[in-house]
Amino acid sequence: MFSFKRVVYTGRVIVPQCASLSVNNFSACQFLPSPKRHSPYSSVDSERYSSLVKSVMSSKVSSQTPETLKAEDEHIFGPVVREQTPSSEPKTFHPFLQHKDTLETGGDSRGPPVRIPLNRGQGGASVPSVTRILQQTLSPDQIFYLDRWKRRMIEKLGEEGFEQYSQALFRQGKLFHSAVEDALTSGGALKRKKEYTPEVRGYLESISHTLEDMSEVKAIESAVQHQKLNYIGIADCVARYRGVLCVIDWKTSEKPKPFLSNTFDNPIQVAAYAGALNSDANYKYQVENGLIVVAYKDGSPAHAHRLKSELMLEYWNTWLTRLEYYNEKR
DNA sequence: GGATCCTTCTTCTTCTTC
């Protein structure tokens, strides 16, 4: 095998023509067999070039990161006059919970779940949605990594292939959502496997253990609106998970997401829905907790990330800063 | 009927040993 030391030893960086190679070519040449003795590079001052080797070796495809790009840009174009990015604390405080008298229990109603349709009648299209706001207030780093991912995918699949791939991801997500909806409205019981299309079978198997922990489904695909803060959204589900009332978001994912930190802005989305629901007169109860369920196509057990009330409050603050940022930008 | 909306997804990478 090739150890790092050996790569340094083969020391391709010292060859001037290597400098003109693309990083791709460079990474290909690093895997050339390394002669153990009498190497023409053995006299190389490897210490002197170690940082260069390190920087080139630090990425298979590109050593660029948001930081290096920023530094590079500043060097070439001078310092950037940057748009204000969201701070960690919102400027104005808005309560996450509203009327404390209706807190938690959510009453004793055990009827069928509600499904409040989105009514854009009065507010019109001017009321922005949670996904729109999150999409438009991504951090520079998020934009960088998403762009890079897209670029690489297009290189691999071509423009058309990438379009099809994206559409397939969306279609799977939608099918999965409606299958879960179906299962929840029929009392939490999944149908027999055969009754689902192959596209969603694995995902449903993946979440089956979480459905067992679900009870008292109160709302499904239901619109929420924050009158004061002026935003809308559609919450996937409100139900009890292991006895705790939660706003629940179902996600499908190609990659495993075992940690909450793997879910990017999903917790902010859940907190935004919960905060809106708590202020929305259509709902006669308050929800303090959240749940993100990440389902996998191969049927492996879904990851269920619980957002307890303290954490929800933190994400609520993050949401408020994103919302402020969005409103300032407009 | 057409247009628009909400949502559906996508990021996280560096280190150098056996």
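The structure displayed is predicted, hence computed values, not measured ones. First the proteins, then the strands, lettered A, B, ... as listed; each starts at 1.
When distances run from any side-chain atom of H177(A) to the nucleotides dT10(B), dT8(B), dC12(B), the shortest one goes to dT8(B). Residue Y145(A) places its side chain closer to dT11(B) than to any other of dC5(B), dT10(B), dT11(B). Of the candidate nucleotides dT11(B), dC9(B), dT8(B), dT11(B) has the atom nearest to the side chain of Q142(A). When each of dT10(B), dC12(B), dC9(B) is scored by its nearest atom to the side-chain atoms of N262(A), the top-ranked nucleotide is dC12(B). The side chain of K251(A) sits closest to dC9(B) out of dT10(B), dC5(B), dC9(B).
The shortest distance between the side-chain N/O atoms of Y273(A) and the OP1/OP2 oxygens of dT7(B) is below 4.0 Å. Phosphate proximity of dT11(B) to K255(A): present, with a side-chain N or O under 4.0 Å from OP1 or OP2. The side chain of R171(A) places no N or O atom within less than 4.0 Å of a non-bridging phosphate oxygen (OP1 or OP2) of dC9(B). Residue Q269(A) places at least one side-chain N or O closer than 4.0 Å to OP1 or OP2 of dT8(B). Taking 4.0 angstrom as the limit, T252(A) places none of its side-chain polar atoms (N or O) nearer than this to OP1 or OP2 of dT8(B). Neither OP1 nor OP2 of dC12(B) sits under 4.0 Å from any side-chain N or O of K257(A). Here S166(A) does not reach the OP1 or OP2 of dT10(B): none of its side-chain N or O atoms lies under 4.0 Å away.
In this structure, Q172(A) and I143(A) both approach DNA chain B, and ranking their closest nucleotides by distance from the 5' end singles out Q172(A). Residue Q135(A) is the one, among T263(A) and Q135(A), whose nearest nucleotide of DNA chain B lies closer to the 5' end (criterion: closest heavy atom).
Donor-acceptor pairing under 3.5 Å is recorded for the side chains of D298(A) and S300(A). Under 3.5 Å, the side chains of K228(A) and Q98(A) contain no donor-acceptor pair of N or O atoms.
Taking atom CZ of F162(A) as the reference point, atom C1' of dT11(B) lies 12 Å away to the nearest angstrom. For the pair R151(A) CZ and dT10(B) P, the interatomic distance rounds to 19 Å; values are reported in whole Å. Taking atom CZ of residue F144(A) and atom P of nucleotide dT11(B), one finds them 14 Å apart after rounding to whole Å. If you measure from atom CZ of R152(A) to atom C1' of dT10(B), you get 13 Å, rounded to the nearest angstrom. Going from atom CD of E221(A) over to atom C1' of dT7(B) covers 8 Å, rounded to whole Å. Distance L134(A) CG to dT11(B) P: 17 Å, rounded to the nearest Å. Spacing between atom CD of E163(A) and atom C1' of dT10(B) amounts to 13 Å, rounded to whole angstrom units. Taking atom CG of residue L146(A) and atom C1' of nucleotide dC9(B), one finds them 10 Å apart after rounding to whole Å.
Residue E254(A) is in sugar-phosphate contact alone, with no base atom involved, counting any heavy-atom pair closer than 4.0 Å across all strands shown. Within the nucleic acid shown, L118(A) comes within 4.0 Å of sugar-phosphate atoms alone, with no base atom in reach, counting heavy atoms only.
The closest donor-acceptor contact from the side chain of K329(A) to the backbone of Q136(A) lies under 3.5 Å. S309(A) places no side-chain N or O within 3.5 Å of a backbone atom of N289(A) that could act as its donor or acceptor partner.
The one candidate from Y283(A), F96(A), Y231(A) that meets the ring pair (Phe, Tyr, Trp, His ring centres under 6.0 Å) condition with H226(A) is Y231(A).
Of all non-hydrogen atoms in K255(A) and Y296(A), the two that sit nearest each other are O-CE2, 3.4 Å.
dT11(B) has no base stacking with the ring of W149(A) when judged by centroids under 5.5 angstrom apart and an interplanar angle below 30°. Stacking between F264(A) and dC12(B) is absent: the aromatic ring centre is not both under 5.5 angstrom from the base six-membered ring centre and within 30 degrees in plane angle.
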